[in-house]
Amino acid sequence: MAMEGSNITNSSSGEDFAVGCLLSIKTTLGEEFNGQVMTFDRPSNILGPKHGPKRNIRFLKANYIKEFSLLGQAEDPLDIKKCYIDLHSLQAREELALRQAEADAERIGVGVTAEAQSIFDALSKTLPVRWDKTVIVVMNEVRVSSPYLADCVSGGTPAANDRVKKVLELERKRLQARGASR
């Protein structure tokens, strides 16, 4: 059934989104999935279907539903006797997501140019790197200061310095080639 604006039911009573309904949904982004309605909030126009092999619940703004069809009615998905929430698994997922977000945030330089960030990203593909304010620290020993040229490399062993200088020079050439092609 096709959508008309934000009205996502095909009947005036709105029974199609009753808790427990099984729906086949196609979003405006081309994603297709089947799910069981866990909740529908008419004022915010948000549908909460449960779907997938792990039976995850997602919240979907009904405006993003392009088409849906009613597949049937199932048992009450909110039956307390049949509900199980693995809190340990949820806490582990949350901790992992937080650690990943913190690691991602640490990889973004504060107060540095886009070019400096590109150099950092290139170095991080093959070497362990981190930011120390605006200085790139490679392998916890080699430091690359602004303007991030081979002459700005200091500390560490000669072999480590040579490796960092080589990556810097290659990344600078790549950035220049990309800039020339624009």
Side-chain angles (χ1 to χ4, degrees), residues 1-131 136 171 174-175 177-179 181-182:
M1 141 184 357
M3 297 269 312
E4 293 180 14
S6 63
N7 180 10
I8 57 174
T9 61
N10 69 349
S11 65
S12 59
S13 66
E15 293 176 333
D16 290 349
F17 286 124
V19 170
C21 286
L22 300 173
L23 299 176
S24 175
I25 297 172
K26 184 174 184 178
T27 69
T28 56
L29 302 174
E31 182 182 9
E32 296 182 40
F33 63 92
N34 294 339
Q36 182 179 19
V37 176
M38 299 296 288
T39 186
F40 176 63
D41 183 56
R42 188 165 298 283
S44 64
N45 209 23
I46 293 180
L47 176 68
K50 174 173 71 168
H51 69 99
K54 291 187 176 183
R55 308 299 288 167
N56 291 328
I57 297 174
R58 71 189 283 178
F59 292 95
L60 178 66
K61 189 82 169 163
N63 302 17
Y64 291 104
I65 298 175
K66 182 177 180 181
E67 299 174 8
F68 74 93
S69 58
L70 181 64
L71 301 176
Q73 181 73 27
E75 297 178 18
D76 181 2
L78 301 176
D79 184 354
I80 299 292
K81 297 173 190 148
K82 297 179 183 175
C83 288
Y84 172 73
I85 297 175
D86 183 357
L87 290 178
H88 293 294
S89 174
L90 289 174
Q91 288 169 339
R93 284 176 59 186
E94 177 187 30
E95 288 173 18
L96 180 63
L98 286 171
R99 280 195 305 271
Q100 184 62 46
E102 288 169 356
D104 290 347
E106 288 176 3
R107 299 180 53 78
I108 299 171
V110 177
V112 299
T113 64
E115 181 182 61
Q117 187 65 51
S118 293
I119 290 169
F120 178 93
D121 294 341
L123 286 167
S124 73
K125 290 178 184 174
T126 58
L127 300 167
V129 295
R130 64 181 171 82
W131 285 105
I136 300 172
E171 181 61 14
R174 191 180 69 76
L175 287 171
R178 190 175 358 157
S181 66
R182 286 185 186 177

(message) I want to check something: taking the side chain as every heavy atom from C-beta on, are L87 and S89 in contact at a cut-off of under 4.5 Å?
(response) no
(request) State whether the side chain of Q73 and the backbone N or O of V19 hold a donor-acceptor pair below 3.5 Å, judged by distance alone. (result) yes
(message) Measuring only between side-chain heavy atoms, which start at C-beta, is L23 closer than 4.5 Å to N34?
(response) no
(message) Is the positively charged end of R58 above the ring of F33, judged by distance under 6.0 angstrom from the centroid and angle within 45° of the axis?
(response) yes
(request) For residues L96 and R99, determine if any side-chain heavy atom of one lies less than 4.5 Å from a side-chain heavy atom of the other. (result) yes
(request) Enter the distance from E31:CD to I25:CD1 here, rounded to the nearest 0.5 Å. (result) 9.5 Å
(message) Are T28 and I65 packed together at the side-chain level, in the sense that at least one heavy-atom pair is separated by less than 4.5 angstrom?
(response) no
(request) For residues L47 and V37, determine if any side-chain heavy atom of one lies less than 4.5 Å from a side-chain heavy atom of the other. (result) yes
(request) Rounded to the nearest 0.5 Å, what's the gap from OG on S118 to CZ on R178? Could you check? (result) 5.5 Å
(request) Would you check if S24 and E32 make a side-chain contact, meaning some heavy-atom pair closer than 4.5 Å? (result) no
(request) Specify the closest pair of heavy atoms between N56 and R93, including all atoms of both residues, with the distance to one decimal. (result) OD1-NH1, 4.1 Å
(message) How close do I136 and W131 get, counting heavy atoms only, and between which atoms?
(response) CG1-CZ3, 3.5 Å
(message) Measuring from atom CZ of F120 to atom CZ of R130, what distance do you get when rounded to the nearest 0.5 angstrom?
(response) 9.5 Å
(request) List in chain and number order the residues that pass side-chain contact (heavy atoms from CB on, under 4.5 Å) with I46, two or more places apart in sequence or in another chain; answer none if no residue qualifies. (result) S44, F59, K61
(message) Measuring only between side-chain heavy atoms, which start at C-beta, is I57 closer than 4.5 Å to T39?
(response) no
(request) Rounded to the nearest 0.5 Å, what's the gap from SG on C21 to CZ on F40? Could you check? (result) 11.5 Å
(request) Could you go through the side-chain contact (heavy atoms from CB on, under 4.5 Å) check for S124 and R107 one step at a time? (result) CA-CA 9 Å; S124 73; R107 299 180 53 78; 2.6 Å; yes
(request) Would you mind checking if R174 and E171 are paired as a salt bridge, meaning a charged N to carboxylate O distance below 4.0 Å? (result) yes
(request) May I ask you to decide if G109's main-chain N or O and Q117's side chain share a donor-acceptor pair within less than 3.5 Å? (result) yes
(request) Evaluate the side-chain proximity of I119 to L175: yes if any heavy-atom separation is below 4.5 Å, no if none is. (result) yes
